[in-house]
Structures are given as C-alpha cells and as structure tokens.
Amino acid sequence: MERTLSIIKPDGVQRGLIGEVIQHLEKNGLKIIAAKMIHMTGREAEGFYDVHREKPFFSSLTAFMTSGPCVVMVLEGENAISRYRDLMGATNYKEAAEGTIRREFATDIEKNVVHGSDALETAVFEIGYFFSQLEIVL
Ligand code: ATP
Ligand code: MG
C-alpha cells in the first residue's frame with residue numbers, strides 16, 4: 001500500500017471539475033483517505049514548490065496556485081504514486097495520453113488541473129505539508 005498527495009488546482013476548482021477528478025480517482029481504485037479545501041498563501045505555495053524555486057516558471061506557478069482555493073487529498077492504493085501519475089497524464093496536456101485527466105481537462109502547461117507526488121519521498125513530504133496524522137482516516 002502506498003500513499004500520494006493529490007491537489008485539484010485552482011483552475012480545476014474554479015471550472016467545476018472537482019467531481020470529474022474524483023470520479024477518475026474512484027473509478028480507478030484510488031481511495032481518498034483525507035480531503036480538504038485550502039486557499040494557499042504565497043509562502044505556503046513557495047514552500048510546497050521549493051524544488052522548483054530556480055525554474056523560470058516558479059513565480060507564475062506560485063501566483064497561479066494562490067489565485068483561488070484548491071482541493072488537497074491523500075490517496076491510498078497499491079502503487080498509488082505511479083498509478084495516479086498515469087491517471088493525470090503528462091505535465092503538458094498536449095502530450096498527455098488519451099483518457100487522462102490533463103488530456104481531457106487541461107488548457108495550459110501551467111493550468112493543468114491536478115498535481116500528484118512524483119516519488120515516495122516527495123509524497124511523504126507533501127502529505128505532511130498539508131495534513132496532520134489526525135486528519136487521515138485509517
Ligand atoms: P505537478 O508537480 O503539479 O504534479 P508535474 O510533476 O507533472 O506536475 P512539474 O515539473 O513538477 O510537473 O511542474 C510543476 C508544475 O509547474 C506543473 O504541473 C505546471 O503547473 C507548472 N509547470 C511545469 N512546467 C512548466 C512550464 N514549462 N511552464 C509553465 N508552467 C510549468
Ligand atoms: Mg511535480
């Protein structure tokens with residue numbers, strides 16, 4: 001069993017795609033074991049995306065992620081990290097496979113609807129960034 005962090009980004013929430021994204025997760029056997037809505041501050045978004053601090057898109061990305069509320073969730077399942085990455089599709093929706101969330105709903109390389117942890121260590125960091133142990137159902 002593995003856990004991963006999922007975010008429905010501000011574009012997904014604003015466009016009314018919460019239900020669509022959750023349907024993809026549930027249909028594919030990823031169990032939601034924690035969920036809440038948050039509206040990140042600049043500092044919170046910068047801390048979350050610290051690994052991208054030197055990237056040219058960093059300030060635009062943090063501005064986007066603080067532009068409205070997000071839904072953050074912890075997902076659990078066998079190989080949850082890679083299975084959820086497969087469901088999301090490539091970062092650039094134009095390269096995302098047919099049937100993936102980003103292929104279906106994303107409009108932009110930045111406004112790509114969802115986030116998912118990319119490895120075991122990042123999943124542990126990202127889950128702990130947003131959730132306390134008490135917020136995760138067992
Ligand atoms: P995420 O971390 O959100 O799950 P990812 O792992 O597919 O996405 P990363 O390389 O970690 O992609 O980039 C983080 C986010 O930064 C992307 O999801 C996207 O919103 C934005 N981003 C990535 N590359 C670019 C780019 N070239 N131009 C603008 N925004 C970008
Ligand atoms: Mg990433």
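Order of listing sets the numbers, starting from 1, for every ligand and every atom in it. All values derive from a computational prediction rather than experimental measurement.
Counting atoms of ligand 1 from 1 in the listed order, those under 4.0 Å from a heavy atom of E110 are 19 (C), 20 (O), 30 (N). Taking every heavy atom of N112 and a limit of under 4.0 angstrom, the matching atoms of ligand 1 come to 17 (C), 18 (O), 19 (C), 20 (O). Listed by atom number, the atoms of ligand 1 under 4.0 Å from Y49 heavy atoms are 3 (O). When each atom of ligand 1 is checked for a heavy atom of G116 under 4.0 Å away, the hits are 4 (O).
One option in T91, I7, L61, V51 has a heavy atom closer to atom 7 (O) of ligand 1 than any other, and that option is T91.
For the pair R85 and ligand 1, a heavy-atom separation below 4.0 Å is found. The closest approach between I109 and ligand 1 falls below 4.0 Å for a heavy atom of the residue. Remark: distances from the non-hydrogen atoms of R102 to ligand 1 include one below 4.0 Å.
Residues Y93 and T107 have side chains that never bring a donor and an acceptor to within less than 3.5 angstrom of each other. Checking E46 against T62 by side-chain atom types alone, no donor-acceptor pair falls below 3.5 Å.
Ring orientation note: the planes of F57 and H52 are tilted relative to one another, at an angle of 30° to 60°. The aromatic rings of F48 and H115 lie perpendicular to each other, with more than 60° between the two planes, well past the 30° mark.
Taking the centre and axis of the six-membered ring of F64, the NZ or CZ atom of K9 falls outside the cone set by 45° and 6.0 Å.
Residues R15 and V113 form a side-chain contact, since some pair of their non-hydrogen atoms from C-beta on lies under 4.5 Å apart. The closest side-chain heavy-atom distance from R3 to L75 is not below 4.5 Å.
Environment of CD in E135: crowded, with over 12 heavy atoms of neighbouring residues, nucleotides or ligands closer than 6.0 Å.
Nearest to atom 3 (O) of ligand 1 among the protein's heavy atoms is K9 NZ, 2.9 Å. Protein heavy atom at the shortest distance from atom 26 (C) of ligand 1 is F57 CD2, 3.5 Å. In terms of protein heavy atoms, atom 11 (O) of ligand 1 is closest to H52 NE2, 2.9 Å. Looking only at heavy atoms of the protein, atom 1 (P) of ligand 1 is closest to H115 ND1, 3.1 Å.
Contact annotation for D118 and ligand 1: no heavy atom of the residue comes within less than 4.0 Å of the ligand. Here F64 has no heavy atoms under 4.0 Å from ligand 1, in either its backbone or its side chain.
V114 and Y49 fall into different hydrophobic clusters, where Ile, Leu, Val, Met, Phe, Trp and Tyr are joined by side-chain heavy atoms under 4.5 Å apart, directly or via other members.
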